[in-house]
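The structure under discussion appears below in the form of structure tokens.
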Amino acid sequence: MADGDSHQSRRIQVLSPRLANQIAAGEVVERPASVVKELMENSLDAKADRIQVELEQGGVKRLLVRDNGRGIPEDDLALALSRHATSKIHSLDDLESVQSMGFRGEALASVSSVSRLTLTSRHEAAEQAWQARTSGRDMVPEVAPAAHPVGTSVEVHDLFFNTPARRRFLKTEKTEFNHVEEAFKRIALGQWGCFLSLKHNGRVVHSLKACHSRPEQEKRVADLCSPELMQQCVFMEMEHLGMRLWGWLGLPTFNRRQADMQYFFVNGRPVRDRVVSHAVRQAYRDVLFHGRHPAYVLYLELDPAGVDVNVHPTKHEVRFRESRQVHDFLFRTLHRALAEVSPDTHQPAANLSAATREPEIRPEQGSMPLRDPGSQFSASAPDQGASGGASAGMAQPTAFDSPAARHWQQSRARPGVVADQLAAYRQLHADDAREAPPMGYALAQLHGVYILAQNQHGLVLVDMHAAHERITYERMKQAMDDSRIAGQPVLVPPVVHVSQREADAAENFNDSFRAFGFDVRRTGPEQISVYEVPVFLPAQQVEDLVRDVLAELVQFDTSDAILAARDGILSTMACHGSVRANRKLTVPEMNALLRDMEITERSGQCNHGRPTWVQLSMSELDRLFLRGQ
């Protein structure tokens, strides 16, 4: 009998509506922040331009989201609390090019199944507001008249009151509020035209006016993220192949211990995506201090049909239909924007934008979209407005044999009077006669380590070894990029056992391997052999590097592991070949170094991500000495 009961209990049966809703709630409603996100997205889809959020006890006891959107008709009020009920999707075509924030039709039903919910709304064409109440039960909500302006209010009390196990997983009030605030921030950074407010336990935390210009947008970013981010970022904008990327890119020197200031939006929707994350990591790889994370607020716009947002119930994840093309566009754009940060663009929210479409990039079939030194895919010089004067060196390649470098070499054994040297240098650069160049003119050397220079803003301090290390490194990379990487035969080709997908990738991307000095051949269904390796690569690194490349190719259809290994070796060589501490430099040598910094990509950081120079403005110096106080 017991066995029969056990067998009977395993029979397939239809779940009750209440249980089905609570299972769905487990996917959609993780904590109060999940509720706030879903309700704010509903408000935005209702065309609201004013949304107010109020919380008590981190949103666990009570949360309210009120908007001035179009409202819900009386006849649809009870239906809005049903599962799979939505006004946003009517056909498969709609689902394949979703433009609304929400579309699953589960949010209100899921929330109502685990809370005491009150939905009050007045439709824009109605004279009367109506209200529906639920208490987590299987009953049809009762609808009654109410007083409410055009728009909708959703009030949620006692979240998870009927699912104690879920409620026990909630954290402290402070932690839950922090999660709500983060969800609020992500929506606020993606919805510029909307007034948004957040109140917790009666205290106003955020009150954000609608933004209609870039200065207003930058103020919102500063308020929500950090004023310092706005002081240490560049604004960039690029269009290519129907995609547009724009936003604020934190300078490498403004880095974080955690990845807590990274906001990426796809068609206005905040997302976390592995393709995006990988492209950003690649772009910052050469300039970020090890173990640190960049900060950015970036927006990608593309055809909605090119991105699948129906990947996860929370809608945090997306899937790009042309993920390799998206990855290539992101990496190239961000890599170029960071490379073109020069002393002239090292100003608050400096503008690196291109209003015109760039030449189309078509990687050859089977190629890895890695570094492309000859590409014209670059941002234009900054505006002459708030971001400071345009840099003459922005669009120039790294100079391997610049006039400044030749002057430096020729002047080593020719010490002279400082005034004569400065005069000679100004004559060499007549274009700079009216104002000092961005890095200014050298004044002295401090303890054989730092160069002190004066520019139009004040005092510049340069770590001469770090700066020269970057200059040397970039020249070595450029020299190697300008010629095909040579390979050398392997006496005993190592056999690498891989998965079938990785072996397929080795075949598909064989031309790319050859371009970097590798001869990789498939020798079995799950086996490859390496017959030739780049001359720069130590033999003991071959197998690990090939595995890393194949793993990235399988996951992202692209890899920069070979370049990363090459650049690591060049970085070490550049470090040993650069000016060492306690080396005495003449004034012309110091000035030549400053000029080379101005025309060298990524000269703001050394090869290890440390800053190479800092600026002390006259106002900062005045404050140090209490002048004017």
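As a basis for the values below, the full set of heavy atoms in this structure was taken, side chains included, without hydrogen atoms, waters or symmetry mates.
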Margin query: Within this structure, what is the CD-CD1 distance for the pair Glu124 and Ile72, rounded to the nearest 0.5 Å?
Written below: 12.0 Å
Next item on the list: Working to the nearest 0.5 Å, report the span between CZ of Phe264 and CG of Leu189.
Entry: 13.5 Å
Next item on the list: Tell me yes or no: between the side chains of Thr118 and Glu155, is some donor less than 3.5 Å from an acceptor?
Entry: no
Next item on the list: Return yes if some donor-acceptor pair links the side-chain N/O of Asp303 with the main-chain N/O of Met243 below 3.5 Å, else return no.
Entry: no
Check: At what distance, to the nearest 0.5 angstrom, does CE of Met261 lie from CZ of Arg256?
Finding: 3.5 Å
Check: Are the side chains of Leu249 and Cys233 in touch, meaning some heavy atoms are under 4.5 Å apart?
Finding: no
Check: Passes side-chain hydrogen bond (donor to acceptor under 3.5 Å, both in side chains), Glu173 versus Asn201? Steps please.
Finding: CA-CA 11 Å; Glu173 176 180 329; Asn201 293 337; 2.8 Å; yes
Note to self: Under a 3.5 Å distance rule, please check whether Thr333 uses its side chain to pair with a backbone N or O of Leu330 as donor and acceptor.
What the structure shows: no
Check: Checking side-chain hydrogen bond (donor to acceptor under 3.5 Å, both in side chains) for the pair His179/Glu30: CA distance, chi angles, key distance, verdict?
Finding: CA-CA 11 Å; His179 283 288; Glu30 181 183 359; over 6 Å; no
Notebook entry, point to check: Nearest 0.5 Å, what's the NZ-OG distance between Lys209 and Ser197?
Noted result: 13.5 Å
Check: Between Thr175 and Lys171, is there a donor-acceptor pair closer than 3.5 Å when you use the side chain of the first and the backbone of the second?
Finding: no
Next item on the list: Search all heavy atoms of Ser121 against all heavy atoms of Leu77 and return the closest pair with its distance.
Entry: CB-CD1, 4.1 Å
Notebook entry, point to check: What's the shortest heavy-atom distance between Val150 and His123, and which atoms?
Noted result: CG2-O, 4.3 Å
Note to self: As a quick check of understanding, evaluate side-chain contact (heavy atoms from CB on, under 4.5 Å) for Phe184 and Leu208, giving each step before the final call.
What the structure shows: CA-CA 11 Å; Phe184 178 89; Leu208 308 172; 3.9 Å; yes
Check: Honestly, is Arg167 close enough over Phe161, meaning NZ or CZ under 6.0 Å from the six-membered ring centre and within 45° of the axis?
Finding: no
Check: Are any of the side-chain nitrogens in Glu216 or Arg220 under 4.0 Å away from the carboxylate oxygens of its partner?
Finding: no
Margin query: Pairing donors with acceptors under 3.5 angstrom, does anything connect the side chains of Arg602 and His335?
Written below: yes
Notebook entry, point to check: So which of Gln232, Met236, Gln217 actually passes side-chain contact (heavy atoms from CB on, under 4.5 Å) with Trp248?
Noted result: Gln217
Checklist line | Taking every non-hydrogen atom, the tightest pair across Thr612 and Gln605 | finding: CG2-C, 3.4 Å
Margin query: Under the criterion side-chain contact (heavy atoms from CB on, under 4.5 Å), I'd like the reasoning laid out for Lys199 against Arg203: C-alpha separation, chi angles, the key distance, then a yes or no.
Written below: CA-CA 5 Å; Lys199 184 184 293 186; Arg203 180 178 67 89; 5.6 Å; no
Check: Is a salt bridge present between Glu237 and Arg214, judged by a nitrogen-to-oxygen distance below 4.0 Å?
Finding: no
Check: Heavy atoms, side chains only, cut-off 4.5 Å: are Lys174 and Phe177 in contact?
Finding: no
Check: Any idea which heavy atoms bring Gly193 and Asp49 closest together, and the distance?
Finding: O-CB, 3.9 Å
Checklist line | Arg244 charged N/C atom sitting above Tyr299 aromatic ring, 6.0 Å / 45° | finding: no
Check: Is the backbone of His278 close enough, under 3.5 Å, to the side chain of Arg274 for a donor and an acceptor to pair up by distance?
Finding: no
Notebook entry, point to check: Has the side chain of Lys185 got a donor or acceptor atom that lies under 3.5 Å from a matching backbone atom of Leu224?
Noted result: yes
Notebook entry, point to check: How many angstroms lie between CG in Leu196 and CD in Gln52, if you round to the nearest 0.5 Å?
Noted result: 10.0 Å
Next item on the list: Examine distances only and state if a side-chain atom of Ser43 and a backbone atom of Leu39 form a donor-acceptor pair shorter than 3.5 Å.
Entry: yes
Check: So does Arg66 pair up with Glu54, basic N to acidic O under 4.0 Å?
Finding: yes
Check: Is any side-chain heavy atom of Arg272 less than 4.5 Å from a side-chain heavy atom of Ser277?
Finding: no
Next item on the list: Check the pair Glu56 / Leu63 against side-chain contact (heavy atoms from CB on, under 4.5 Å), numbers first and verdict last.
Entry: CA-CA 6 Å; Glu56 292 182 22; Leu63 66 83; over 6 Å; no
Next item on the list: Using atom types as modelled and distance alone, determine if a side-chain donor or acceptor of Ser323 lies under 3.5 Å from a backbone N or O of Phe320.
Entry: no
Next item on the list: Would you confirm whether Thr163, through its side chain, and Ala165, through its main-chain N or O, come within 3.5 Å as a donor-acceptor pair?
Entry: no
Notebook entry, point to check: So which heavy atom on Gly268 is nearest to which on Gln191, and how close?
Noted result: O-NE2, 3.8 Å
Margin query: Less than 4.5 Å apart, side chain to side chain, heavy atoms only: is that true for Phe254 and Pro294?
Written below: no
Item checked: Arg133/Glu142 salt bridge by N-O under 4.0 Å criterion -> no
Next item on the list: Show your reasoning for whether side-chain contact (heavy atoms from CB on, under 4.5 Å) applies to Arg186 and Arg269.
Entry: CA-CA 9 Å; Arg186 290 186 179 276; Arg269 183 189 303 279; over 6 Å; no
Notebook entry, point to check: Are any of the side-chain heavy atoms of Leu241 and Gln325 separated by less than 4.5 Å?
Noted result: yes
Checklist line | Between CZ on residue Phe195 and CZ on residue Arg50, distance to nearest 0.5 Å | finding: 4.0 Å
Check: Under 3.5 Å, is there a donor-acceptor pair between the His200 and Gln57 side chains?
Finding: no
Notebook entry, point to check: Within the side chain of Asp45, is there an N or O that forms a donor-acceptor pair under 3.5 Å with the backbone of Asn42?
Noted result: no
Margin query: Are Gln128 and Trp130 packed together at the side-chain level, in the sense that at least one heavy-atom pair is separated by less than 4.5 angstrom?
Written below: yes
Notebook entry, point to check: Is the shortest heavy-atom distance from the side chain of Leu81 to the side chain of Leu119 under 4.5 Å?
Noted result: yes
Notebook entry, point to check: Is it true that a side-chain atom of Asp273 and a backbone atom of Val276 form a donor plus acceptor pair closer than 3.5 Å?
Noted result: yes
Note to self: Between Ser153 and His148, is there a side-chain donor-acceptor contact under 3.5 Å, judged purely by atom types and distance?
What the structure shows: yes
Note to self: Less than 4.5 Å apart, side chain to side chain, heavy atoms only: is that true for His206 and Asp223?
What the structure shows: no
Item checked: Nearest heavy-atom neighbours spanning Pro304 and Asn267 -> CA-ND2, 3.9 Å
Margin query: Looking only at side-chain N and O atoms, does His290 offer a donor or acceptor that is under 3.5 Å from a partner on His608?
Written below: no
Check: Given Glu301 and Trp246, is the side-chain hydrogen bond (donor to acceptor under 3.5 Å, both in side chains) satisfied, shown in steps?
Finding: CA-CA 9 Å; Glu301 298 169 7; Trp246 65 279; 3.0 Å; yes
